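In what follows, residues are counted from 1 in the order of the sequence shown. Predicted, not measured: the structure shown is a model, and the values here were computed from it.
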Amino acid sequence: ADAKEYKFSVTGTSETSKSGKSIEFLLNVNPCYSFNLNLKNGNDYSICEHSVLTVPVTVSNEGTVSNDYNLNVVEAPVWVRLNAKNLVVGSKEARTFLLAFAPDYGVSGNYSVKVDVSPDKGDLKAIANLNVEVRQCHSVSVDIELNEDVVCKGVESKYNVNVINNGEIA
């Protein structure tokens, strides 16, 4: 049931005399375990390889009961980490944990990241779906005119080497 007030009529009727009586009954359903998950900067991120980006993720307990929340990265590359495995959040309070992206050199492309937040109390569950673009900011290519050479001791040799910065950063 949704969190709100519900009004019922409860009626009791005698089987023999057919007399009866009705009373009204008010049932107030509280949002005991309601919570929200908020990514401060949205769901799409872009990062250079060999750098670190931290994303604050906030769990807001909108319920009437304090709750423990379990945090898990359920789908992501190995370079995605959480700074906590669980949070205790009081009623009507919020706490923030950090999701860190730290791809190494040579990593590039688009990646999906899923973070699961499950409370100990209640049936609600939240999944944050993020998209991370890793750019090759520090890429370099090297080309030499010869793949192999034979030289004599004491003889000077010169080779042309072409080095190109393919990355975004000089």
Side-chain angles (χ1 to χ4, degrees), residues 3 31-63 65-170:
C32 299
Y33 308 116
S34 181
F35 74 97
N36 279 327
L37 192 61
N38 182 23
L39 290 112
K40 183 175 179 165
N41 299 317
N43 295 66
D44 298 313
Y45 297 88
S46 184
I47 183 175
C48 289
E49 93 274 31
H50 198 70
S51 58
V52 177
L53 173 69
T54 55
V55 176
V57 183
T58 302
V59 176
S60 299
N61 182 355
E62 297 175 349
V65 175
S66 178
N67 213 339
D68 292 1
Y69 297 91
N70 299 305
L71 316 171
N72 291 301
V73 175
V74 291
E75 179 183 312
V78 296
W79 41 263
V80 176
R81 298 271 191 268
L82 293 171
N83 75 325
K85 292 186 184 244
N86 59 18
L87 294 175
V88 177
V89 185
S91 172
K92 308 297 182 198
E93 292 181 354
R95 295 231 8 233
T96 299
F97 64 93
L98 298 175
L99 181 62
F101 306 130
D104 207 354
Y105 287 121
V107 175
S108 67
N110 294 305
Y111 298 88
S112 295
V113 175
K114 286 186 182 179
V115 178
D116 174 275
V117 178
S118 302
D120 282 349
K121 300 172 192 162
D123 295 332
L124 298 176
K125 183 178 182 177
I127 295 179
N129 293 301
L130 298 95
N131 302 305
V132 182
E133 174 194 22
V134 180
R135 302 183 325 272
Q136 282 193 325
C137 299
H138 306 284
S139 179
V140 65
S141 68
V142 179
D143 188 34
I144 189 165
E145 67 182 326
L146 298 174
N147 289 336
E148 187 177 312
D149 197 8
V150 176
V151 295
C152 293
K153 182 178 178 179
V155 176
E156 184 178 309
S157 296
K158 292 185 180 182
Y159 303 96
N160 289 324
V161 178
N162 190 19
V163 179
I164 300 172
N165 180 359
N166 295 329
E168 296 176 21
I169 298 173

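- Side chains of Val88 and Ser66 form a contact here, defined as non-hydrogen atoms less than 4.5 Å apart.
- The heavy-atom pair separating Phe101 from Ile47 by the smallest distance is O-CD1, 3.6 Å.
- Between the side chains of Ser118 and Asp116, at least one donor N or O lies within less than 3.5 Å of an accepting N or O.
- Glu62 and Asn36 form a side-chain donor-acceptor contact under 3.5 Å, judged by distance and modelled atom types alone.
- Counting non-hydrogen atoms of other residues, nucleotides and ligands closer than 6.0 Å to NZ of Lys125 gives a total of 12 or fewer.
- The distance from the CG atom of Asn38 to the OG1 atom of Thr96 is 8.5 Å, given to the nearest 0.5 Å.
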Determine whether Leu71 and Lys85 satisfy the following criterion, side-chain contact (heavy atoms from CB on, under 4.5 Å), listing intermediate values before the conclusion. CA-CA 5 Å; Leu71 316 171; Lys85 292 186 184 244; 5.8 Å; no
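- Of all non-hydrogen atoms in Ser139 and Asn165, the two that sit nearest each other are O-OD1, 3.1 Å.
- Note: Tyr69 OH to Lys121 NZ = 9.0 Å, rounded to the nearest 0.5 Å.
- A distance of 3.5 Å separates CG in Asp149 from OH in Tyr159, rounded to the nearest 0.5 Å.
- At least one donor-acceptor pair under 3.5 Å links the side chain of Glu49 to the backbone N or O of Cys137.
- The CD1 atom of Ile169 sits 7.5 Å away from the CZ atom of Arg135 when rounded to the nearest 0.5 Å.
- Counting all heavy atoms, side chain and backbone alike, Cys48 lies closest to Pro103 at O-CG, 4.0 Å.
- Counted by atom type alone, Asn70 and Asp120 present one or more donor-acceptor pairs between their side chains at under 3.5 Å.
- The shortest distance between side-chain heavy atoms of Val55 and Asn41 does not fall below 4.5 Å.
- Checking side-chain atoms of Thr54 against main-chain N and O of Ala100 turns up no donor-acceptor pair under 3.5 Å.
- Of all non-hydrogen atoms in His138 and Tyr105, the two that sit nearest each other are CB-CE2, 3.8 Å.
- Between Asp68 and Pro119 there is no side-chain heavy-atom pair separated by less than 4.5 Å.
- When side chains are defined from C-beta on, Val57 does not count as touching Val115, because their heavy atoms never get closer than 4.5 Å.
- Under the 4.5 Å side-chain criterion, counting only non-hydrogen atoms from C-beta, Thr58 is in contact with Ser60.
- A perpendicular orientation is assigned to the rings of Tyr111 and Trp79, their planes being inclined by more than 60° (bins at 30° and 60°).
- Across all non-hydrogen atoms, the minimal contact from Leu124 to Ser34 is CD1-CA, 3.6 Å.
- Taking every heavy atom of both residues into account, Ser46 and Leu53 meet most closely at O-CD2, 4.4 Å.
- Contact check for Asn61 versus Glu93: no side-chain heavy atoms found under the 4.5 Å cut-off.
- With Asn160 contributing its side chain and Glu145 its backbone, the two residues share no donor-acceptor pair below 3.5 Å.
- For the pair Asp123 and Tyr33, the minimum side-chain heavy-atom distance is 4.5 Å or more.
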Checking side-chain contact (heavy atoms from CB on, under 4.5 Å) for the pair Leu37/Val59: CA distance, chi angles, key distance, verdict? CA-CA 5 Å; Leu37 192 61; Val59 176; 3.8 Å; yes
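- To the nearest 0.5 Å, the span separating CG on Leu130 from OG on Ser112 amounts to 9.5 Å.
- Ser141 OG to Asn162 CG: the interatomic distance, rounded to the nearest 0.5 Å, is 7.0 Å.
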What do the steps show when you test Leu99 against Tyr45 for side-chain contact (heavy atoms from CB on, under 4.5 Å), and what is the final call? CA-CA 12 Å; Leu99 181 62; Tyr45 297 88; over 6 Å; no
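- Counting heavy atoms from C-beta on, the side chains of Val140 and Val163 come closer than 4.5 Å.
- For Asn110, the CG atom counts as densely surrounded, since its 6.0 Å shell holds more than 12 non-hydrogen atoms of other residues, nucleotides or ligands.
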